[in-house]
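A short worksheet on the structure shown next.
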Amino acid sequence: MAAKGRIEIDAEHCKGCELCTTVCPQNVIKMSDWFNVKGYRPAALVDPAGECTGCAVCAVICPDAVITVYRTITGRTPAAALV
Amino acid sequence: MAAKGRIEIDAEHCKGCELCTTVCPQNVIKMSDWFNVKGYRPAALVDPAGECTGCAVCAVICPDAVITVYRTITGRTPAAALV
Amino acid sequence: MTKELLKGNVAIAEAAVRAGVEAYFGYPITPQTELLEHMSKRMPELGRAFVQAESEVAAINMVYGAASTGKRVMTSSSSPGVSLMQEGLSYIAGSEVPSVIVDVMRGGPGLGNIAPSQSDYFQMVKMAGHGDYKQIVLAPATVQEAIDLTLLAFDLAEKYRTIATVLLDGNIGQLMEPAELPPMRELRQTPPDWAVSGAKGRKKNIISSIHLQPEELETFNHKLQAKLKLIAANEVRYKEYMIEGAELIVVGFGTAGRVAQTAVKLARAQGIPVGLLRPITLWPFPEERLSQLADEARGFLVVEMNAGQMIDDVKIAVAGQCPVEFYGRTGGVVPLPDEVLATIAKLDQATLPANRVAALNG
Amino acid sequence: MTKELLKGNVAIAEAAVRAGVEAYFGYPITPQTELLEHMSKRMPELGRAFVQAESEVAAINMVYGAASTGKRVMTSSSSPGVSLMQEGLSYIAGSEVPSVIVDVMRGGPGLGNIAPSQSDYFQMVKMAGHGDYKQIVLAPATVQEAIDLTLLAFDLAEKYRTIATVLLDGNIGQLMEPAELPPMRELRQTPPDWAVSGAKGRKKNIISSIHLQPEELETFNHKLQAKLKLIAANEVRYKEYMIEGAELIVVGFGTAGRVAQTAVKLARAQGIPVGLLRPITLWPFPEERLSQLADEARGFLVVEMNAGQMIDDVKIAVAGQCPVEFYGRTGGVVPLPDEVLATIAKLDQATLPANRVAALNG
Amino acid sequence: MTYDIIFSGFGGQGALFAGQLLAYAAMDAGRFVTWIPSYGPEMRGGTAHCTVIISEEEIGSPLVRNPSTVIALNNPSAEKYEPLLATNGYLFYNSSLVSHPFTRRNIHALAIPGSTAAAELGHAKLLNMVLLGAMLAYVPVLPLEAVEQALDNHIPARRRELLEANKLALRKGIELAQRAVQIPA
Amino acid sequence: MTYDIIFSGFGGQGALFAGQLLAYAAMDAGRFVTWIPSYGPEMRGGTAHCTVIISEEEIGSPLVRNPSTVIALNNPSAEKYEPLLATNGYLFYNSSLVSHPFTRRNIHALAIPGSTAAAELGHAKLLNMVLLGAMLAYVPVLPLEAVEQALDNHIPARRRELLEANKLALRKGIELAQRAVQIPA
Amino acid sequence: MTTTPVEQLVYQRPAALSEVHTHYCPGCTHGVAHRLVAEVIDELGIRENTIGVAPVGCSVFCYNYFEVDFVEAAHGRAPAMATGIKRVLPDRVVFTYQGDGDLASIGLAEIMHAALRGENLTVIFINNAIYGMTGGQMAPTTLPGMKTTSSPMGRDVETSGFPIRICELLATMDGATYIARRSLHNPTEIRKAKKAIKQAFENQLHGHGFSLVELLSSCPTNWDIPPAEALKWIEAQMVPVYPLDDFKSVKK
Amino acid sequence: MTTTPVEQLVYQRPAALSEVHTHYCPGCTHGVAHRLVAEVIDELGIRENTIGVAPVGCSVFCYNYFEVDFVEAAHGRAPAMATGIKRVLPDRVVFTYQGDGDLASIGLAEIMHAALRGENLTVIFINNAIYGMTGGQMAPTTLPGMKTTSSPMGRDVETSGFPIRICELLATMDGATYIARRSLHNPTEIRKAKKAIKQAFENQLHGHGFSLVELLSSCPTNWDIPPAEALKWIEAQMVPVYPLDDFKSVKK
Ligand SMILES: Cc1ncc(C[n+]2csc(CCOP(=O)(O)OP(=O)(O)O)c2C)c(N)n1
Ligand SMILES: Cc1ncc(C[n+]2csc(CCOP(=O)(O)OP(=O)(O)O)c2C)c(N)n1
Ligand code: SF4
Ligand code: SF4
Ligand code: SF4
Ligand code: SF4
Ligand code: SF4
Ligand code: SF4
Ligand SMILES: [Mg+2]
Ligand SMILES: [Mg+2]
């Protein structure tokens, strides 16, 4: 009963600290190679295989609270927010 | 081997707090009925029977350090100061 | 209301209570302790806040916090304690929360002694904290004035969102005189719109003294200076005594002003044409009135219980129009009328116009 | 010795080291932090005392302690930190232990900002602590002066057993200029006779600021005031620029003085007869020299990086002989030469004698 | 008429209270009045004194150099104030304790055996009232009744039980004053 | 002759060091010189700039409103200083990053592709030297040799290994300046 | 029982956190601490009833980052200022947010006395072992041997003393009711930190008295360690000196 | 072996105590504490090598009572002043003598940081549960329910907090090496107090670091209890709140 997830990163407010990339268990967050207006390379979800589980671990560590997490659970009533 | 003692009270610097009188085991310190220049009734050794042992307990408690204690020991080399 | 025989310190405390002070924070120090002690009894009785702070530094910052909510708050101390409050005062000035401070001055510098003095003039009037601000300084000379000025301090503090201080020497704090207390005021129910109180149904409020960009801080300072100008224009207070026809002007505040008043009376009895101006507001200073008087006067005598501090402000007002002499006692010594009288007589002699000297000699 | 490119803050620190400072106590604060950081490296290296104190209150009291032993000691801070030192400074003044304090001023009031400012003038010059004292206030305008005045501060502090301060705005602290450091001085070996050091073979020494009896405290205050008079008579320092033939006098210290200097040069180029007096000692203030200049001058312009503080002292010196105008920027904004030039030009116009106006118009 | 009166004694002898009582009486009588204590270091154990000024006019200085009247409850006070008393001034001293030899000829020094009288009245604390009474006999600042009234009105609750005794002491003072030896006379 | 030069860029682009290097060179050449940084809030992450004044005479104000020369390492600096530059002043900008459209006709704005050049030279940190070199090509404040000498004398130990690279960068700057497009020309 | 898949929002930025870019350096866990506090405020529904007290330190501007009424205190005096507020508005939730220089150095007397008085306050204490704001000087919490700009040879305990353990100290005081240390160095610890913060606020709501949560936090900039490594450094270096625990938890 | 009886001096006023009348109230145990310190100074032979730091409080004039070099500190700042002295004269013996208002209220940060830094100082701390000098206001050490001139209804722990236990607090600090509480309420306890004071000075002589001896002391005047009863009050009321013990004793 695998959960499928997805995150949105507010790239203009991301500071490119890379913390999310180090904690994602699915290893689906990568740093972009472009700079945002503040001069940082923002993180981005790179998840072609749909491996993100929506576990929200990335959001838990993001110091700038720029990650929004969604999850689709097949098979049962969605759980309450986890954080 | 009883020790015989004696105290001297610097009456002009005594503040008449009475603490010495409350701790003397031989009960040989009494408050005078005259006033010193500072307006206090000084304590005094009243020891007609020579009961003071020179135990120095009075000196230990005197907040104004106005008591000097002497002791005569018969029978052995005098001990070092006790306090 | 009838008069009661009241001690200055207690009168100020009770006046503050009647004025509706909702929180008092202070730390014991002689000679203002009766003020704190009175508060320790009255405030809990009335269900208001009293905290004996761990220090004057903490006390002034408690004032800062409570004042940020728009409540009426005060603290009191004496000279060394007030020195410790300077950083806090600067923050309060920088964030414009109304606060009332009472300073019952004692002898300095350092630990000095607890005898009456006026040597906090500079630190209270010129503003001792860093940055450009001024605080209103009210200097009572009688117990009744101490009461009235305490009330005024709360009103001015709120009207202008500023620090208002009551500055007295230990003598006025310890003095008993008949005086009348005001009736108990209603407490204000709704906080002013700038106050913090929880952002319920409105944008959040922030109380802060930071303006990181110099230009922003300068804009704030312009606003602050404009307010200070307004206060200077509106709130000057002083009392004159035998000023009619006076050719010599004595200037003194608080106890020194009272002593000078007796000396002026004695001098007039000797035919010396002298009058007294007793500043009630030390800031704003009655500069304009003194400058007017200087147009006509032969000389000024400043009497202070310090080594000469208010004299700077008198000199600025007099602007060289006539001599400004000084008589001061320091270290808690209170000048007595005969000393001041002798100084007046000397000034009289020294400034007699040539024709009168001739007349006297002739 | 050759010149080095030195930052004001570092230059002061190293100058103090060369002057033989044996203990430094301080607390980090921008814009003086480089000073403390330099000390944190240099002092332990030389086996001397460096303590990062828990606060400015602690720092000044550590200074008080170490100075009581007769050793050379110093602290440094910036405006809010200096406010916290006021009680301690009053104690030090009251017990006459030589101490050196550096204040690198920033914008206020309150937390304000960290940009350069001169708004501690009152708190440093008028003395912000309680009681009647003054401290020597040296105001460098260049890095070389910062070095030289730091040395002088130690010498004067010891000579007069007083507080000597070096007062600079953040700009001078951050500025780099070529300057020459003095050679390393020998440390003094024997403590002065008033110092505490253990009562070995002599009567005990006491360092204290208490004089419980008002008369005793007054006697002490007389002694203190006499010393202050002596300092005022001996230690006035200032620098003049294009003062020959000047009809208008600009007065400014530190960065404001430098900016004014450029403005004066530009004004002279336009034919305006203006000169600059830059006080180097703010206390004692060059009152006499200004008063002399006022005899001849058409007007004064005081330039400060505050809302107008030194202007009081200029007014007292000028004593109404001619107008005293003010140009100030606050909140960390640094005035630029063109602004000052414009103000000079305005003052020139406003004070032109009637005949010259006629000549110009005619 | 302005009266300036100093009350002086050891802490605990009641100098401050006696002065306050007189101040209350003056206030009740509609006069201007100031009461100012010595405060500070000398208080602990040492001497306490206060200055009371009573006048028909607004009072300037609450302190005087040369008081017109002094009440000296102990020897140091007598020593201190003899030279300061105004010419023709009155000095009432507690002759039970004071041994100071008065020498000025241009003052009225009245010996009042206050401590003895107080002891006789049953309470050492009445000393101050005895001397205050004595003063009232010579210095027409206020009538005895005004002071008695002030006692009724302003005596603190914890001293209430001594109310009558205080009044007796005042009267005793008057009586003693009337037969007191005056130096110089 | 007095030169007032502002170096401006992001923190980390080396504006402050470039200014300091020039100041060292000026000092070694016996000139009067002041170097003053912006300090404070804008430093963290934001823009850093410094003003260098080099003169034959004693320097009064260490700050100027209208610098005669500006080195702008990033876009905000170019935006900020274009309007402030003195008439006929020089503005050297890092055209690899700066997109600001210059509009003033009475200044010399020179596009120097500094970041690109620095990258080519092997180290992004050389950007500041490239621009400084460019400036030396147009503004006769000091000869290149003086600046190179200053590098030898004053470069901090931790940057020593970049010494030669720094010199190369200076020369590269001069070269780029010589073929730079001038706006307005 | 199977239902049709629904995409659900699992995490979003808390409403009590303002929609502004903070001035914190990339990867600085001040930001994490802010987020946790904001989440707790949201969950407890106290946003409109809360007053925050900002310190002097890197978090000086935190008044801009929370959607609650805020005051900005003098360096170290936040507990005194909070006391002033709480005493006149006892039914508001008042919290301070303070760094280690602010709370443990210059403001030590104020925090201890607030605890001693049992002020009904919540204190969020950010221990990053350094003075961040002023450029990396030694703090009372700096580790032995740690190099800072004012201990260039490393903190020498002989002359500069030992790291201060605030929780251990405060736990000895009768007035303190909840004293806990947590860390922000990984998601698991961050979740625990949030629980502690929540308890510290709940304690105040229940009128229990003084609560403080110390959070071990990173300063990548002044430690000169990249953000992710900085978190490892917390775990490896700081946690041994500053053990994570509840030091006091009194339910009344 | 019997010898002829010789009268021997058993006790006399210590030489380090000045021959002056103190200003302390009759029966105030500040005097006892002074005597003990003076005796220890004599016994250790350090009179000419010692510098004392007086506080602001009833013992403000203690510089007049000891025959050693002395400085008088600002209220609460004696540990800072002592630090300043000790850092420049490390081979001198430096001690502070402080009351509970001085040390535990306004000066709490300074004493804690001196301990934290492990300053090699000796602190004599007089806990009399009151502000003596200023006329009997509440101190941080005032007992719950105790009436003072600033807690006229008795100290209410809800609003005024709990008694501060300085020894327990300081014992948590790594920099402190000897922390002990004793009492002056009877001769036995006084003897124990002296031993502790001696150890606190010896510690400094051996360079061990920060030592503090807290002494429960009477204030007959402001407690309004006669001297002898005041000592009983210490035993009955204070000792239960302030247990007598060595809280820390590290030999290096
Ligand atoms: C009275 C005073 N002293 C010093 C400063 C300078 N100052 C600002 S922030 C700070 C230290 C902040 O460190 P910390 O509390 O640990 O917070 P962080 O920046 O590490 O989060 C200092 C010393 C000041 N603003 N006011
Ligand atoms: C800055 C400052 N605040 C307040 C005072 C007033 N003051 C003098 S002594 C004292 C309290 C002393 O109490 P404690 O330390 O307990 O000593 P004790 O008199 O009981 O021995 C206070 C508050 C002062 N002198 N300076
Ligand atoms: S929600 Fe979990 S799996 Fe998805 S990106 Fe974030 S950390 Fe990775
Ligand atoms: S943790 Fe947040 S700020 Fe850091 S890189 Fe990831 S999304 Fe960006
Ligand atoms: S020495 Fe002992 S026995 Fe003698 S008087 Fe003193 S206490 Fe009493
Ligand atoms: S203890 Fe000392 S001061 Fe007290 S009564 Fe006895 S001798 Fe006198
Ligand atoms: S300096 Fe340190 S604590 Fe401050 S914001 Fe940057 S990383 Fe965070
Ligand atoms: S007031 Fe108390 S502490 Fe002070 S001397 Fe008197 S009894 Fe001792
Ligand atoms: Mg920190
Ligand atoms: Mg005490």
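Throughout, protein chains are lettered first and strands after them, A, B, ... in sequence-line order, and every chain is numbered starting at 1.
- Note that CG of G/L231 and OG1 of A/T22 are 7.0 Å apart. Values are rounded to the nearest 0.5 Å.
- The two atoms that bring G/P26 and A/C17 nearest to each other are C-CB, 3.7 Å, heavy atoms only.
- Looking at A/E8, neither its backbone nor its side chain comes within 4.5 Å of chain G, counting heavy atoms on both sides.
- Residue A/D64 holds its CG atom at 6.0 Å from NE2 of G/H21, rounded to the nearest 0.5 Å.
- Looking at A/V69 and G/Q12, their side chains never come closer than 4.5 Å, going by heavy atoms from C-beta outward.
- Between A/R71 atom CZ and G/L9 atom CG the span is 11.0 Å, to the nearest 0.5 Å.
- Interface remark: A/I67 contributes backbone atoms only to the contact with chain G (heavy atom separation under 4.5 Å).
- G/Y24 places none of its side-chain heavy atoms less than 4.5 Å from the side chain of A/P63.
- For chain G, the option among A/G16, A/G5, A/C62, A/C58 with the highest count of heavy-atom pairs below 4.5 Å is A/C62.
- Rounding to the nearest 0.5 angstrom, the gap separating the CG atom in A/L19 from the SG atom in G/C28 is 10.0 Å.
- A/V57 touches chain G through backbone and side chain together, each having a heavy atom under 4.5 Å away.
- For the pair G/N186 and A/V23, the minimum side-chain heavy-atom distance is 4.5 Å or more.
- A donor-acceptor contact shorter than 3.5 Å links the side chain of G/R13 to the backbone of A/A65.
- Between G/V10 and A/G54 the shortest heavy-atom distance is CG1-O, 4.0 Å.
- For the atom pair A/R6 CZ and G/E7 CD, the distance stands at 4.0 Å (nearest 0.5 Å).
- Separation of atoms SG (A/C55) and OH (G/Y11) is listed at 13.5 Å; rounding is to 0.5 Å.
- Minimum heavy-atom separation, A/I61 to G/R35: N-NH2, 3.6 Å.
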